[in-house]
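Both backbone and side-chain heavy atoms feed into the values below; hydrogens, waters and symmetry mates do not.
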Amino acid sequence: MENMQLDTSTIMMIVFVFSFVISMWKVYAFLPNKELADDDTTPASQEELIKIVKKHLTQDISSKELLELVKNDALFDKKHFWRFNENKLNQLLIKIK
């Protein structure tokens, strides 16, 4: 058989394709592929929060007072909704209206 010689462009293409495959695998490894246990942005979690907020919602209450009432509610899961703050409450109030 003839002595097989690879030219520079072929070697560069092989290295490029190999590097590209490794890079795509690394990107895929960091993408979230399952729902987190404390994800409070799912529709079910949002509905649960809306239910609690509606229970305490009255006309003459400030958002800070409402936040405290919601956080102290028996149905409010502090571990699941640990990110819940006044800003998220305001976003929920906009959804409700």
Side-chain angles (χ1 to χ4, degrees):
M1 258 191 153
E2 260 180 54
N3 190 5
M4 206 167 175
Q5 296 280 332
L6 294 175
D7 60 342
T8 306
S9 63
T10 306
I11 294 172
M12 288 174 62
M13 183 57 79
I14 291 170
V15 170
F16 171 77
V17 169
F18 179 73
S19 301
F20 182 75
V21 168
I22 296 296
S23 299
M24 287 297 108
W25 176 77
K26 282 184 158 187
V27 168
Y28 173 76
F30 284 103
L31 291 175
N33 17 1
K34 64 179 180 176
E35 186 178 299
L36 299 174
D38 66 345
D39 186 8
D40 60 351
T41 60
T42 61
S45 296
Q46 292 291 308
E47 287 300 317
E48 186 178 341
L49 275 175
I50 288 172
K51 183 176 147 185
I52 296 170
V53 168
K54 281 184 176 180
K55 183 166 68 168
H56 295 288
L57 194 59
T58 60
Q59 295 291 355
D60 56 346
I61 192 170
S62 72
S63 61
K64 289 186 185 212
E65 293 170 332
L66 180 60
L67 178 66
E68 289 306 313
L69 286 173
V70 169
K71 282 187 170 183
N72 294 329
D73 191 276
L75 297 175
F76 186 79
D77 184 5
K78 291 183 187 337
K79 287 184 180 179
H80 184 75
F81 298 114
W82 66 273
R83 294 180 200 93
F84 190 69
N85 57 23
E86 193 171 358
N87 185 36
K88 290 200 180 243
L89 175 65
N90 291 333
Q91 291 174 2
L92 277 177
L93 292 173
I94 291 170
K95 270 188 182 178
I96 291 172
K97 294 178 183 179

* Structure fact -> d(K54 NZ, L57 CG) to nearest 0.5 Å is 9.0 Å

* Structure fact -> In this structure, CD1 of I50 is separated from CG of L93 (nearest 0.5 Å) by 9.5 Å

* **Nearest-0.5 Å distance, CG of residue L92 to CD of residue E47** => 9.5 Å

* Looking only at non-hydrogen atoms, find the nearest pair between Q46 and T41 and report the distance. => NE2-CA, 3.9 Å

* Share the residues that join W25 in a hydrophobic cluster, the rule being Ile, Leu, Val, Met, Phe, Trp or Tyr side chains under 4.5 Å apart at the heavy-atom level. => none

* Asked: Do you reckon I96 sits in the same ILVMFWY cluster as L75, going by side-chain contacts under 4.5 Å, direct or chained?
  -> yes

* Between E48 and F81, is a side chain to side chain contact (heavy atoms under 4.5 Å, CB included) present by the stated rule, with each step listed? -> CA-CA 10 Å; E48 186 178 341; F81 298 114; 3.7 Å; yes

* To do: Specify the closest pair of heavy atoms between L67 and L89, including all atoms of both residues, with the distance to one decimal.
  => N-CD2, 3.7 Å

* To do: Tell me, with the steps shown, if D39 and S45 meet side chain to side chain contact (heavy atoms under 4.5 Å, CB included).
  => CA-CA 8 Å; D39 186 8; S45 296; over 6 Å; no

* Asked: What pairs of residues pass the salt bridge (charged side-chain N to carboxylate O under 4.0 Å, His left out) test when at least one of them lies in residues 59-83, not counting sequence neighbours?
  -> D38-R83, D40-R83, K55-D73

